[in-house]
Amino acid sequence: MAVFGPAELEKASRVTARTGTDADSVDGVVPAVVAAPGSTEAVAEVMRVAAAEGWAVMAKGRGTKLDWGNRPERLDLLLDLAGMDRVIEHARDDLVARAEAGTTLAKLSATLAPSGQCFPADEVVPGSTIGGVVATGLSGPSRYLHGPVRDLVLGATAVRADGVVVHAGSKVVKNVAGYDLSKLFTGSYGTLVVLTELTVKLRPVPAVQRFVTASCAGPDELAPALSAVLASQAAPTAVELERAGPEAPVQLTVLVEGRSGPAEVRAAEIARALDGATTATSPPPWWSRLPGPVTFKLTSVLSGVPKLVAAASSLAGESGLPAQIGGSAGAGVLYLGVPDQAAHEQLGPLLAGLREAARACGGHATVLRAPPRSKASLDVWGPVPGLELMRRLKAEFDPGRRLAPGRFVGGI
Amino acid sequence: MTTEPSGVAVATNAAHAADLLRRVLGPAAVITDPNELATYECDGLTCFRARAAVVALLATPGQLKDAVAICARLKVPFVARGSGTGLSGGAVPVADGVLLVTTTMRPVLEVSADDQRAEVGPGVANLEVSRVAHPYGYFYAPDPSSQPVCSLGGNVAENSGGAHCVKYGFTTNHVTGLEVVTPDGDVHILGGKAPDAPGYDLVGIFVGSEGTLGVATRVTVRLLRLPQAVQTVLAAFADIDSAGRAVSAIIACGLVPAALEMMDALAISAVEQAVRCHYPEGAGAVLIVELDGPIADVEEGLADVRQYCLDNGAFETRVASSAEERAEIWRGRKSAFAAMGRLSPNYIVQDGVVPRSALAEVLHDIGRLSQEAGIRIANVFHAGDGNLHPLVLYDETVEGEEERAEEVAEKVLDLCIARGGSITGEHGVGLHKLGAMRKMFSEDDLATMWLVRRAFDPEGICNPGKAVPTPRLCGEPPRRRHGPHPLAEAGVAELF
């Protein structure tokens with residue numbers, strides 16, 4: 001990187017660039033150059049230069065999830081897309097919006113609110129951008145009714161490793177023309193393309209919200225409560241749980257939304273199905289927040305959720321670490337959080353135990369975030385079915401292995 | 001760019017493949033007799049035909065894997081076929097290639113109500129899943145009109161929708177896992193009953209890939225809790241514009257109907273002649289609105305829907321008060337395609353999508369195209385999601401009419417593209433819309449899709465020539481013969 005630096009990049013691409021500093025580091029890896037393109041075309045120009053120079057590239061929105069996944073093997077260029085934050089189009093009558101990847105969910109929300117519409121994906125990590133949410137496939141409580149992030153993306157504009165711009169999907173809610181590239185890009189952690197624009201489905205902001213909470217002594221009491229909620233016809237928006245510690249009670253909170261009148265009726269129906277439930281108009285403090293700062297993600301079949309809560313609690317208890325469990329019980333997605341100071345000697349066995357417990361429940365355990373020193377000795381992603389096909393896709397999209405190399409599954 | 005085997009090589013290798021297939025599947029399961037092969041020449045889009053050299057009737061996933069492995073070894077192009085109800089020519093065989101039939105597979109259908117999942121064999125009919133899930137209190141949401149017959153494997157290939165996809169989404173929103181055989185003969189398990197499998201969303205890229213990335217041997221689907229209540233309204237308007245305004249009002253107020261369908265005067269007259277559904281006389285347009293969900297929401301929603309219809313000029317609204325009355329309301333809509341025979345000997349069905357808000361304008365444009373070309377167009381469509389099915393009517397025995405009809409049908413797709421819509425909302429690209437793909441996507445977009453195709457099928461033997469156009473010309477010009485869907489003619493299924 002001695003010859004071609006920020007000044008040369010600026011000249012070659014007309015994009016503002018500067019030298020990377022420690023503040024720009026990703027898991028301790030400092031990029032030589034940080035560039036801030038302001039448009040898809042600008043991103044493409046920079047990526048063409050990066051391709052010619054053989055640079056490893058990562059893209060950043062607000063950097064809230066940049067340290068998720070493995071530490072990148074190398075990083076020459078960090079693309080700062082925070083300035084690409086326009087809501088380009090809001091088709092109110094079609095309930096569709098198109099925004100640049102650097103648009104924060106908060107800004108999108110504020111832009112849509114006056115027309116009574118919203119993007120049905122929760123801001124699980126404060127400050128998240130829509131590009132980052134799609135790149136990591138991070139879904140929150142509303143996934144129960146509205147689907148995970150992958151079901152909300154109608155189309156995307158992205159730049160390939162070779163600098164070619166690709167338009168995936170369309171602007172309409174119904175489209176089966178060609179391959180569903182948006183699905184492939186969602187959750188790809190920046191290893192296939194750099195996302196620059198997203199077209200997403202919206203929904204009307206509901207008039208009424210009711211949070212119905214039941215406190216279960218433990219997983220044994222959780223099981224029938226969760227079953228009752230899943231079997232109900234009250235159509236809740238979200239079914240979440242929280243356990244503040246390995247021996248603490250399990251809070252099961254169900255969100256019911258809708259029009260004034262019917263929503264209260266449905267909330268009452270859920271409350272009746274649960275023993276000693278309380279109903280509130282605002283969420284509990286833990287709602288839509290990841291436990292952490294070291295966070296494991298655990299998935300399970302629905303019937304396995306209480307068992308997984310029990311196993312995770314017991315493993316956390318054994319490790320002696322203060323641990324918190326929470327997540328979308330109704331969707332089979334849970335998170336376990338432990339402190340940053342946890343030693344690698346404790347995390348390794350904990351992860352191994354969680355992985356086996358999740359596997360027994362038909363799911364997986366991955367490390368969402370952990371300090372780089374811990375991640376270095378952990379198998380962050382675990383076994384990945386279909387890895388061979390994923391490698392082939394990576395080889396087609398990024399033969400030079402320059403997009404976030406080493407960050408993703410199988411060292412992709 | 002993937003290379004595709006030459007004609008001569010295909011024919012020789014196919015004969016060899018037939019021998020190997022007989023050894024693995026047994027001779028009764030391998031068809032090479034020309035008369036029997038004719039049955040498999042086309043799918044629901046009868047104008048595209050080709051004859052396979054050999055058709056293999058598979059009984060198990062293991063046999064499917066072996067069959068693909070044989071094709072892979074000999075580099076023989078193959079096509080997988082479910083029930084053959086597709087409307088874009090996706091299951092048309094490669095001439096002199098191998099056709100793999102999945103509907104002969106021993107049916108697999110396991111419901112796990114506690115997990116809200118079902119594991120289903122690819123040859124199982126769509127409606128069967130809901131039927132088996134029903135006693136548990138669940139259903140499978142994607143409901144293409146051919147659902148009594150169409151296969152889950154076919155649904156996966158096409159990412160099938162249906163009338164209720166405005167609320168519930170499409171097949172891709174309901175498949176959480178797949179077992180697939182890739183074109184090299186390997187088996188891969190993708191996803192499962194639990195969500196968010198680590199890595200790339202291979203399930204997501206496979207669904208809707210129109211059988212070009214491999215063949216599914218097992219599908220894990222999401223089941224939904226049956227709704228507490230269902231209400232259906234038929235509303236009659238003097239014209240399309242007022243019906244369109246009612247649609248806008250319904251969507252704008254935040255209601256998400258389970259179904260929202262519209263038909264114009266020409267379509268109404270056809271179904272009235274065909275099935276005597278007694279839609280209100282003098283209607284320039286009818287709306288069918290179905291709401292489902294919790295009772296309180298449905299009742300309130302129903303009152304609102306009726307009000308919006310009346311506010312926008314509906315001169316009659318009919319609410320179904322029983323399952324029979326609901327079926328009666330739907331009968332007209334469901335018989336629309338088949339009823340076109342009352343108006344015209346031939347027709348082309350298009351499947352474009354436009355933004356909901358552009359519907360009224362696009363319908364006017366279609367009306368203009370129709371007048372200019374002197375070709376009648378009946379309109380039936382999913383108003384809730386902007387998915388149009390213009391039925392372009394013509395008589396092939398009248399000189400030049402078929403060409404004019406095809407030209408108009410093409411222009412309708414151009415309209416959809418100009419509005420930022422799509423060339424296909426449900427039926428897929430197959431063979432039928434390969435040309436239109438170049439209008440909707442740039443060469444770079446198509447090249448990116450080919451990256452995916454190469455990753456799965458580097459030898460180019462898996463349903464080649466379909467879905468994503470290649471840079472060079474392929475195949476012979478299709479024989480154009482549009483007409484009623486053969487299954488509808490046989491009275492086996494209704495076209496939507």
Side-chain angles (χ1 to χ4, degrees), chain A residues 91 93-94 96 137 147-148 150-151 160 164-167 170-181 183-184 186-188 204 230-231 233-235 258-259 261-262 265-266 299-303 331-333 361-364 366 381-382 384-387 389-390 392-393 395-397 409, chain B residues 114-116 158-159 161 169 172-173 188-190 192-202 204-205 208-209 225 227-228 248 252 254 293-294 296-297 300 353-357 385-387 420-426 428-429 437 440-442 444-445 448-449 451-452 454-456 467-468:
Chain A
D93 293 338
D94 301 311
V96 171
R150 67 160 333 248
D151 286 347
R160 293 184 341 207
V164 171
V165 177
V166 51
H167 294 96
S170 75
K171 299 200 301 193
V172 286
V173 298
K174 201 165 172 188
N175 165 44
V176 294
Y179 298 148
D180 197 346
L181 294 176
K183 297 276 183 306
L184 187 62
T186 302
S188 63
L230 292 176
Q233 288 172 310
R259 301 166 142 206
V265 168
R266 287 153 49 213
T299 59
S300 165
V301 297
L302 289 180
S303 63
V333 178
C361 292
H364 293 90
T366 54
W381 294 107
V384 178
L387 182 58
L389 291 171
M390 297 178 196
R392 288 196 236 161
L393 282 163
E396 290 291 339
F397 275 81
V409 297
Chain B
D114 291 342
D115 294 334
Q116 297 183 349
E158 303 300 317
N159 190 13
T172 194
N173 308 121
H188 299 269
I189 311 268
L190 312 175
K193 286 189 190 162
D196 296 4
Y200 298 141
D201 188 356
L202 297 181
I205 196 68
S209 61
R225 189 73 179 86
Q228 209 170 38
S248 298
D297 297 74
E300 204 180 275
V353 185
V354 297
R356 272 183 286 255
S357 54
D385 48 35
N387 188 191
S422 172
I423 56 174
T424 174
E426 303 182 297
V429 174
M437 281 288 280
M440 183 171 170
F441 295 107
S442 70
D444 286 337
D445 298 336
T448 307
M449 292 186 201
L451 297 178
V452 174
R454 270 210 305 272
F456 281 80
V468 185

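Proteins come first, then strands; the chains are lettered A, B, ... in the order of their sequence lines, and each starts at number 1. The shown structure was predicted, so the numbers you read here are calculated from the model rather than taken from an experiment.
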Participant: Can you name the nearest heavy-atom pair linking B:Arg225 to A:Leu230, along with the distance?
Facilitator: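 Minimum heavy-atom separation between B:Arg225 and A:Leu230: CD-O, 4.4 Å.
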Participant: Where on B:Ser442 is there a heavy atom nearer than 4.5 Å to chain A: the side chain, the backbone, both, or neither?
Facilitator: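 Interface part for B:Ser442: neither.
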Participant: Find the distance between OG (B:Ser357) and CG (A:Asp93) and round it off to the nearest 0.5 Å.
Facilitator: 5.5 Å
Participant: To the nearest 0.5 Å, tell me how far B:Leu451 CG sits from A:Leu393 CG.
Facilitator: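 Output value for this atom pair is 9.0 Å.
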Participant: Any donor and acceptor pair, going by atom type alone, linking the side chain of A:Asp94 with main-chain N or O of B:Arg356 inside 3.5 Å?
Facilitator: yes
Participant: I'd like to know which of B:Gly161, B:Gly208, B:Ala194 tops the heavy-atom pair count under 4.5 Å against chain A.
Facilitator: B:Ala194
Participant: For the residue pair B:Asp114 and A:Ser303, confirm or rule out a side-chain donor-acceptor distance under 3.5 Å.
Facilitator: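 Not at all, the side chains of B:Asp114 and A:Ser303 share no donor-acceptor pair under 3.5 Å.
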Participant: Checking B:Ser248 against chain A: side chain, backbone, both or neither under 4.5 Å from a heavy atom?
Facilitator: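 Neither part.
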Participant: For B:Phe441, is it the side chain, the backbone, both or neither that has a heavy atom under 4.5 Å from a heavy atom of chain A?
Facilitator: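 Just the side chain, heavy atoms under 4.5 Å.
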Participant: Charged N to carboxylate O below 4.0 Å: is that the case for A:Arg266 and B:Asp297?
Facilitator: yes
Participant: In Å, rounded to the nearest 0.5 Å, how long is the span from CG of A:Leu389 to CD1 of B:Ile205?
Facilitator: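 One gets 12.0 Å once the value is rounded to the nearest 0.5 Å.
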Participant: If you define the side chain from C-beta out and look only at heavy atoms, does anything of B:Asp201 sit under 4.5 Å from A:Asp180?
Facilitator: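 Counting from C-beta outward, B:Asp201 and A:Asp180 never come under 4.5 Å.
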Participant: Select one option (side chain, backbone, both, neither) describing which atoms of B:Val452 are under 4.5 Å from chain A's heavy atoms.
Facilitator: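 When you check distances to chain A, atoms from both the backbone and side chain of B:Val452 fall under 4.5 Å.
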Participant: Minimum heavy-atom separation for A:Thr299 to B:Pro195, with atom names?
Facilitator: CG2-O, 3.6 Å
Participant: Taking every non-hydrogen pair under 4.5 Å, which of B:Val354, B:Asp196, B:Ile423, B:Val429 racks up the most with chain A?
Facilitator: B:Asp196
Participant: I'd like to know which of B:Asp444, B:Val468, B:Asn173, B:Asn159 tops the heavy-atom pair count under 4.5 Å against chain A.
Facilitator: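 Highest number of heavy-atom pairs under 4.5 Å: B:Asn173.
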Participant: Is chain A contacted by the side chain of B:Met449, its backbone, both, or neither, given a heavy-atom distance below 4.5 Å?
Facilitator: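 The answer is both parts of B:Met449.
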Participant: With only heavy atoms counted, which part of B:Asp445 is less than 4.5 Å from chain A, the side chain, the backbone, both or neither?
Facilitator: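 B:Asp445 touches chain A through backbone and side-chain heavy atoms alike.
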Participant: Out of curiosity, A:Leu387 CG to B:Tyr200 OH, how far, rounded to the nearest 0.5 Å?
Facilitator: 9.5 Å
